[in-house]
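In what follows, a structure is listed as structure tokens, so that the remarks can point back to it.
None of these values were measured; they are calculated from a predicted model.
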Amino acid sequence: MAEGYSAAGEATVDGNALAARSLARAGVQHMFGVVGIPVTSLANRAVAAGIRFLAFHNEQSAGYAASAYGFLTHRPGVLLTVSGPGCVHGLAGLSNSQVNTWPMVMISGSCDQADFGKGDFQELDQIAAVKPFVKFSVKVTDIRQIPGLVQEVVRHSLSGRPGGCYLDLPTDVLHQTISKSEADKLLLESESPLIEQIREVQALDIQLAVSLLRNAERPLIVFGKGAAYSRAEDSLKKLVERTGIPFLPTPMGKGLISDTHELSATAARSLAIGRCDVAFVVGARLNWLLHFGEPPRWSKDVKFILVDVSGEEIELRKPHLGLAGDAKQVLDLVNAEIKDDPFCFGKSHPWVEAISKKAKENVAKMEMQLAKVVVPFNYFTPLKIIRDAILAEGSPAPILVSEGANTMDVGRAVLVQTEPRTRLDAGTWGTMGVGLGYCIAAAVAAPGRLVVAVEGDSGFGFSAIEVETLVRYQLPVVVIVFNNGGVYGGDRRNPEEVTGPYREDPAPTSFVPGAAYHTLMEAFGGSGYLVGTPEELKSALAESFSARKPAVINVTIDPYAGSESGRMQHKN
């Protein structure tokens, strides 16, 4: 029993109920996971405590949901798993959260402490297993520690640079009991407000940053998902429009300022980063997505002003100037400094004109390509139709989830973000399989928004069974699968590669041709559509967007339309 009575007749609470109440008191509103021994009771008690539990088929997908939830809500996503293999499966989401610097807490049951080392059921040293993937981990050894340690993992996940944390709950602790009065006392004592240690950026550094931008010949503002997490969109827009400096978002920074803004340099990316002399980088790391900030993609003389919540990140990158602090707060200081002595480059400035001219040229080329109706579908024809359907939804804009190789890469160029935090994709780690988990996180984190996934058939396959989860909770998610029959498409092998005793097997990149992914959704009671022409796709989008019910649109693509894709290449 989660709650009961002692021999003396006093009301008691067990570890499951105490953990659930602790999570609710810590502000947790949603949990994601897969139940089983020893955490089923914990999930049930969490629901009783007012927490919505989203039950998945696979801990990996549940973990990806928890990680994206942290980004979208500014609160840690919570993943619940069973012990041993459940914990290991959960590491996918935990590591994804840590690399993307999103707040997340994974909670796993574990074997009885007295039986550890004997070969107990699903036994694993889980603290050791999670160590490479977290910023903090702790094991509860007694029921009385639960409220304090729940608060501690939540605080750690949010403090400084957000990231993944882990809480281990042994079976014996979950079954221990204490009196209700003692539980209430422990819960009250554990509560302490999160006091964020905000770094004080020196006024002289703010002045220097503004001076560098003011005196630059070819400045550029770059921002990423760290700025999105910080809710810095208004401050960014004020800076861009006050100074007239062109801006470039990273993929999940898209929408902080609309892609349609006249100062957007997205369509002139190569020119912008190749020729800028001062780059003001806010909430984005100089990693592979930004070519490490190094030549030949960047000028060897570029001066980086790097705004990051992590002083360690600034020390690693060694920019010309580092401003360690929350993106929004630093931007507000910069805006305040500029307000006292304003400057603006203006539309006729040579640099602004050059960016604008190149962007318009590239957009025109793209629109010419999009205007061609190609059947059997290439990537551009259906993506244009999808882009137009999403834009037609207006505000609040749908949240777009995108994964795959060609599907995601081409989609980054074609699909348009007009509002903040409306794009979720493979991210810093290039993680495939995030799609359905991200969709579920988006649907529960942003009720009222339609969620649209645009996925390759390979990416969809990682988590396809979670379409049942969509139907079970009746979430407003439309999954669009670009079906080209494999990873990158059909069999791409040269004849000389097709040798050996298993040469009759399908290519390692090949799937069953014409797979009926839409019927998978129909099997669980959702809507399925098979489309291969513009008219069929437009009809399916209109019907499914209007219904706002779980749907899969299976879009048949020419299996030779794509190419092998890995590290994202920007050629515009």
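Contact of the N484 side chain with the D558 side chain is not registered, since no non-hydrogen atoms from C-beta on lie closer than 4.5 Å. Side chains of T556 and V531 form no contact here, defined as non-hydrogen atoms less than 4.5 Å apart. Here the side chains of V479 and L470 are in contact, with some heavy-atom distance below 4.5 Å. Counting heavy atoms from C-beta outward, I440 and Y438 have side chains that stay 4.5 Å or more apart. The closest side-chain heavy-atom distance from M104 to P76 is not below 4.5 Å. Looking only at side-chain heavy atoms (C-beta outward), S67 and N100 stay at 4.5 Å or farther from each other. With a 4.5 Å cut-off on side-chain heavy atoms, S356 and E262 do not count as touching. Side-chain contact between S463 and F56 is absent, with no heavy atoms from C-beta onward closer than 4.5 Å.
Side chain of D205 to main chain of L323: no donor-acceptor pair is present (N/O by atom type, distance under 3.5 Å, no hydrogens or angles). Judged by distance alone, with hydrogens and angles left aside, the side-chain atoms of R218 form a donor-acceptor pair with the main-chain N or O of R275 at under 3.5 Å. Listed for the K357 side chain is no donor-acceptor partner under 3.5 Å among the backbone atoms of A354. A donor-acceptor pair is defined here as one N or O able to donate and one able to accept, closer than 3.5 Å; such a pair exists between the side chain of Q98 and the backbone of G164. Side chain of H261 to backbone of L263: a donor-acceptor contact under 3.5 angstrom is found. At least one donor-acceptor pair closer than 3.5 Å links the side chain of S95 to the backbone N or O of L91. In this structure, the side chain of S97 does not engage the main chain of G93 through any donor-acceptor pair within 3.5 Å. In this structure, S61 contributes its side chain and L436 its backbone to no donor-acceptor pair below 3.5 Å. Between the side chain of N378 and the backbone N or O of I557, no donor-acceptor pair lies under 3.5 Å. Checking side-chain atoms of R423 against main-chain N and O of R421 turns up no donor-acceptor pair under 3.5 Å.
Open room surrounds NZ on K328; 12 or fewer heavy atoms of other groups in view lie less than 6.0 Å from it. Residue-environment remark: CD (E536) exceeds the threshold of 12 foreign heavy atoms within 6.0 Å.
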Open item on the list: For a salt bridge (Lys or Arg N to Asp or Glu O under 4.0 Å) check, start with the C-alpha distance between E312 and R317, then their side-chain angles and the critical distance, and finish with the verdict.
Closed with: CA-CA 9 Å; E312 290 77 13; R317 306 299 176 181; over 6 Å; no
TODO: Step by step, work out the salt bridge (Lys or Arg N to Asp or Glu O under 4.0 Å) result for K237 and E233.
DONE: CA-CA 6 Å; K237 189 174 182 182; E233 51 267 23; over 6 Å; no
- [ ] Using the side chain to side chain contact (heavy atoms under 4.5 Å, CB included) rule, take L424 and F71 through it: C-alpha gap first, then chi angles, then the decisive distance, then the call.
- [x] CA-CA 10 Å; L424 296 167; F71 170 65; 3.7 Å; yes
Open item on the list: Does R52 form a side chain to side chain contact (heavy atoms under 4.5 Å, CB included) with V444? I'd like the steps, not just the answer.
Closed with: CA-CA 9 Å; R52 189 180 191 191; V444 300; 3.8 Å; yes
TODO: List the steps, then state whether salt bridge (Lys or Arg N to Asp or Glu O under 4.0 Å) holds for K372 with E367.
DONE: CA-CA 9 Å; K372 300 173 185 174; E367 290 302 321; over 6 Å; no
Open item on the list: Run Y69 and H30 through side chain to side chain contact (heavy atoms under 4.5 Å, CB included) and show every step you take.
Closed with: CA-CA 9 Å; Y69 181 90; H30 293 91; 2.9 Å; yes
Open item on the list: One pair to check against side chain to side chain contact (heavy atoms under 4.5 Å, CB included): T243 and I338. What are the steps and the verdict?
Closed with: CA-CA 9 Å; T243 62; I338 292 172; 3.8 Å; yes
TODO: Run the numbers on R297 and E294 for salt bridge (Lys or Arg N to Asp or Glu O under 4.0 Å), then give the verdict.
DONE: CA-CA 6 Å; R297 301 305 291 268; E294 297 173 351; over 6 Å; no
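Contact check on E353 versus K360 returns no salt bridge, with no Lys/Arg side-chain nitrogen under 4.0 Å from an Asp/Glu carboxylate oxygen. A salt bridge links K254 with D259: at least one charged nitrogen is closer than 4.0 Å to a carboxylate oxygen. Ionic pairing of R285 and E313 is not present here: no N-O contact between side-chain nitrogen and carboxylate oxygen is shorter than 4.0 angstrom. Here E241 does not pair with K238 in a salt bridge; the nearest charged N to carboxylate O distance is not below 4.0 Å. Residues K538 and D388 are not paired through a salt bridge, judged by the lack of any N-O separation under 4.0 Å between the basic side chain and the carboxylate. A salt bridge does not link K365 with E361: none of the charged nitrogens is closer than 4.0 Å to a carboxylate oxygen.
Expressed to the nearest 0.5 Å, how far OG of S264 lies from CD of Q417 amounts to 11.5 Å. In this structure, the separation between CZ on F380 and CE on M368 is 13.0 Å, given to the nearest 0.5 Å. Expressed to the nearest 0.5 Å, how far CD1 of I553 lies from CG of N483 amounts to 13.5 Å. For the atom pair CG of L520 and CZ of F460, the computed distance is 5.5 Å after rounding to the nearest 0.5 Å. To the nearest 0.5 Å, atom CG of residue L537 and atom OH of residue Y529 are 11.5 Å apart. With rounding to the nearest 0.5 angstrom, the CD1 atom of I390 is 9.0 Å from the CG atom of L383.
Closest heavy-atom contact between T266 and P249: OG1-CD, 3.3 Å. What you find for V307 and G325 is that their closest heavy atoms are CG1-O, 4.2 Å. For the pair A92 and Q60, the tightest heavy-atom approach, listed with the atom from each and the gap, is CB-CG, 3.8 Å. Nearest heavy atoms, V375 versus G532: CG1-O, 3.7 Å. Residue T422 comes nearest to P398 through the heavy atom pair CB-O, 3.7 Å, listed as atom of the first residue, atom of the second, then distance. The heavy-atom pair separating T428 from K225 by the smallest distance is OG1-NZ, 2.5 Å.
At a cut-off of 3.5 Å, with distance as the only test, no side-chain donor of E455 or S402 sits close to an acceptor on the other residue. Between the side chains of N96 and T431, at least one donor-acceptor pair of N or O atoms lies under 3.5 Å. Of the N and O atoms on the side chains of D326 and S230, at least one donor lies less than 3.5 Å from an acceptor on the other residue. Side chains of E466 and T469: a donor-acceptor N/O pair is present below 3.5 angstrom, by distance only. Side chains of D409 and Y379: no donor on one and acceptor on the other come within 3.5 Å.
Between F292 and W298, the distance from one ring center to the other does not fall under 6.0 angstrom.
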